[in-house]
Structure formats: C-alpha cells, structure tokens
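Take a look at the structure below.
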Amino acid sequence: MSRRGPLKSAVPSNLVSPVRRCSRTACGRPAVATLTYVYADSTAVLGPLATYAEPHCYDLCAEHSERLTAPRGWDVVRLAVDSGPARPSSDDLEALANAVREAARPQERTAGPSALPGAVAPTGRGANPMEVARRGHLRVLRSPDS
C-alpha cells in the first residue's frame, strides 16, 4: 500500500478566493462595505463589511460604496466603515473575563418552595437582592413593586 500526499487538482482554480469580492458585475476588487435594503422603510443601509456573506446583502468595494445611489424616494443610511480590522476593546475582554469567572463560581442548590426545580440560589458577596433563584444563565427576579 503506497502513501500519497494530498490530492492536487489538475486544473488550478481562480474562482474560489478567501477574500470577499465586490458584488457588482465585472468588478473584482476586494469588498469593504455591505449593502442591505430595508424594503419596509424604503432605506438602503451601507455599513462595514459584514462578518459573513448573507444571501440578501451585497458586498461592495470602496469605489462602488462611494458612488452608491438609491432609487427615488429611498433614503441611504451610511454607517461608519472601519478602515482596519476590529480589535477587542478592554471592555470586551473584561466582560468576557467576568462571564468566565461567573460560570466557574461554585453554586449551592436549594429546595425551597419559591425556587424553580434545579434552580440555584444566589449566595455570597455580590448577590443581587432582587434575584430569587437561578437556573443556568437564567435568573428569577422579584417584582420591583414587592
């Protein structure tokens, strides 16, 4: 039995590219913005390049996004387009660290009549006085009126 390396295509393909391209016909420039139509409001929204391609959105290059016009009676909303890749802010990282700490914190089970089956009671420092019980990431809160 012989060992072979990865299969190589007989015909190199230029059709598949990791870079998203402009949706306009015959334009091969890289996309920098995403266009979405909100038909109910007669609005065209042009914003930063979406995280992933969606079927009802159009990716546009810098030139086509600058020259974009909408049909008569429609509004164009232009959201700020970031020139560089988005980086996590310190707030994002802090929120993620707090969520990990919260998930790792040991929790005590209660069997009180006010608790849901399998619910966890808030305990220790930082427990919310409005919180009655917890079940996973869900919380049962007291009514603000009571």
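Since this is a predicted model, take the numbers as computed values, not measurements.
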Residues at least two apart in sequence or cross-chain that pass side-chain contact (heavy atoms from CB on, under 4.5 Å) with Val38, listed by chain then number, are Asp41, Thr43, Val45
Nearest-0.5 Å distance that lies between atom [atom1] in [X] and atom [atom2] in [Y]:
X	Y	atom1	atom2	answer
Cys57	Tyr37	SG	OH	11.0 Å
His64	Tyr58	NE2	OH	14.5 Å
Arg101	Leu96	CZ	CG	9.5 Å

Is there a side-chain contact between [X] and [Y] (heavy atoms, below 4.5 Å)?
X	Y	result
Pro48	Leu79	yes
Pro30	Arg21	yes
Arg24	Arg29	no
Val32	Leu49	no

Which atom pair, heavy atoms only, marks the closest approach of [X] to [Y]?
X	Y	answer
Thr34	Arg20	OG1-NH2, 4.0 Å
Ala44	Trp74	N-CE3, 4.1 Å
Ser65	Leu46	O-CD2, 3.4 Å
Cys27	Cys61	SG-SG, 3.8 Å

For residues Tyr52 and Val19: do they belong to one hydrophobic cluster (side chain heavy atoms under 4.5 Å, members Ile, Leu, Val, Met, Phe, Trp, Tyr)? no
